[in-house]
**Q** 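Before I ask anything, let me first share the structure, which is written out below as structure tokens.
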Amino acid sequence: MRATLLITVAAALFTGSAAAQVTLLSNATLIDGTGVLPQSNVTIIMERNRIADIVRHPAIIATPGATTVDLTGKFVVPGIINAHGHVGPTPRDPQLRQYARYGVTTTTSMSFDPDDIAEFKARQKTGELHGARILTVKYRFMSEPFVPGSENKTPGEARAKVDEIVAKGADFVKVWIDSQGGRRPKLTREFVSAVFDQARKHGKLTMAHIVELADARMVMDEGVNIIVHNVRDQEMPAEFLAALKARNVSVISTLAREEGMFVYGDEAPGFTDDPFFLQGLTPEQRVRLPAKRQEQAQEPGRPGMLRALEIDKLNVKRLADAGVRLGFGTDSGGESNRYFIQGFFEHRQMELMRQAGLTPMQIIQMFSKNNSEMLGIDKDFGTLARGKAADLLVLARNPLDNVANMRAIEAVYLGGRKFE
Ligand SMILES: [Zn+2]
């Protein structure tokens with residue numbers, strides 16, 4: 001934190017058109033995502049799309065030409081990065097706008113994206129942001145009978161496909177290893193090995209969808225960077241946790257997804273009456289909600305789903321205590337009848353993480369610092385610091401008192417501009 005505010009702001013103001021793009025968020029309490037204690041009386045200076053500086057007790061509050069927003073009594077936290085989301089199949093912009101309304105400033109798209117995604121991302125990088133920023137796997141390597149996903153049969157075909165999707169804008173390379181409860185074949189180790197090896201040749205981070213501990217071990221041994229769901233068939237043994245930490249493997253737990261598999265079938269309405277949930281539903285989803293509740297109430301697999309959620313929670317705490325890097329993700333989005341509601345699920349995930357035993361500070365670090373480091377975007381995103389993108393949230397209440405206060409969003413700043 002620096003005290004030399006005058007020079008920074010003056011320089012910004014005298015570069016012509018930049019004048020109108022300087023915004024001072026003053027007198028805020030800042031929780032910057034690094035895990036340090038909140039800092040009061042902070043002024044954040046946003047110039048163009050970045051944080052030009054963060055200062056305490058600034059010498060000047062009213063800077064000619066700059067917009068000043070008084071945030072006395074308010075809290076500023078980093079925008080939420082969602083490291084496991086889905087965008088599509090319907091048009092992107094409404095979904096990215098919905099994420100942003102709920103405070104998600106960056107999301108991932110973890111299955112299939114059409115070829116225009118590369119151009120779409122390029123436009124976002126020039127500042128054309130109508131909603132959350134998007135990062136993509138572009139294509140998901142799956143086993144039969146899933147199409148798309150299982151067209152590539154041999155390691156050679158897998159390598160060629162990696163080359164193709166990287167050329168078409170893939171930020172990460174993902175495999176999907178899931179027997180669907182023993183009903184389907186899984187990708188072979190040989191195939192996964194070829195995909196990961198080819199991804200590394202392109203300098204891309206690798207990701208794996210798994211359910212079982214055995215598959216988590218396999219992908220770890222093949223050098224995976226990020227396991228994008230938690231182990232849900234059993235508690236993780238200590239030696240495995242130690243190995244994950246030693247190999248710098250990150251784990252995303254999608255508790256909101258596990259709960260979303262059965263929660264709508266609960267007798268008590270739970271969150272389904274909550275306006276904060278309902279505002280995230282499309283008109284069609286609102287109409288179909290009673291049918292969804294009925295469908296899940298009759299779901300024969302319900303006991304297994306409840307058990308998976310409980311195991312996931314136990315493993316979250318074990319991972320955190322073992323010092324494994326936990327990423328923040330939800331599996332939100334995708335096919336509309338899943339009811340994995342974009343934006344709402346990220347807030348629900350925070351509450352479930354709290355139930356799993358993490359502190360609000362740990363949860364804030366997960367969606368900012370951890371995710372940006374895990375996804376390799378920490379130079380520009382994640383924590384709030386000088387030089388980084390001005391993606392941040394203004395909250396009316398302190399999220400450290402109760403992580404549900406993350407819902408008290410008064411403003412979302414995306415690239416230094418108020419999102420509305
Ligand atoms: Zn997913």
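Atoms considered below: every heavy atom in the structure, side chains included; atoms not considered: hydrogens, waters and symmetry mates. Each ligand, and each atom within it, is numbered from 1 in the order the structure gives.
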**Q** Does any donor atom in the side chain of Ser253 or Asp312 lie under 3.5 Å from an acceptor atom in the other side chain?
**A**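 A donor-acceptor contact under 3.5 Å links the two side chains.
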**Q** Please walk me through it: do His229 and Thr254 pass side chain to side chain donor-acceptor pair (under 3.5 Å)?
**A** CA-CA 6 Å; His229 293 285; Thr254 53; 2.7 Å; yes
**Q** Which label fits Tyr102 and His347: parallel for a plane angle under 30°, tilted from 30 to 60°, or perpendicular past 60°?
**A**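 Taking His347 first and then Tyr102, their aromatic rings sit tilted (interplane angle of 30° to 60°).
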**Q** Restricting to N, O or S, what is the name of the atom of His86 that lies nearest the Zn ion (ligand 1)?
**A**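 Going by distance to the Zn ion (ligand 1), the closest N, O or S atom in His86 is NE2.
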**Q** So which of the N, O or S atoms of Asp331 lies nearest the Zn ion (ligand 1)?
**A**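 Restricting Asp331 to its N, O and S atoms, the minimum distance to the Zn ion (ligand 1) goes to OD1.
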**Q** Can you tell me if an N/O/S atom from His209 lies under 2.8 Å from the Zn ion (ligand 1)?
**A**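 Checking the Zn ion (ligand 1) against His209, no N, O or S atom falls under 2.8 Å.
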**Q** Would one find an N, O or S atom of His84, in either backbone or side chain, under 2.8 Å from the Zn ion (ligand 1)?
**A**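 Yes, since at least one N, O or S atom of His84 sits under 2.8 Å from the Zn ion (ligand 1).
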**Q** Please find out if less than 6.0 Å separates the ring center of Phe419 from that of Tyr413.
**A**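 For Phe419 and Tyr413, the ring centres are not under 6.0 Å apart.
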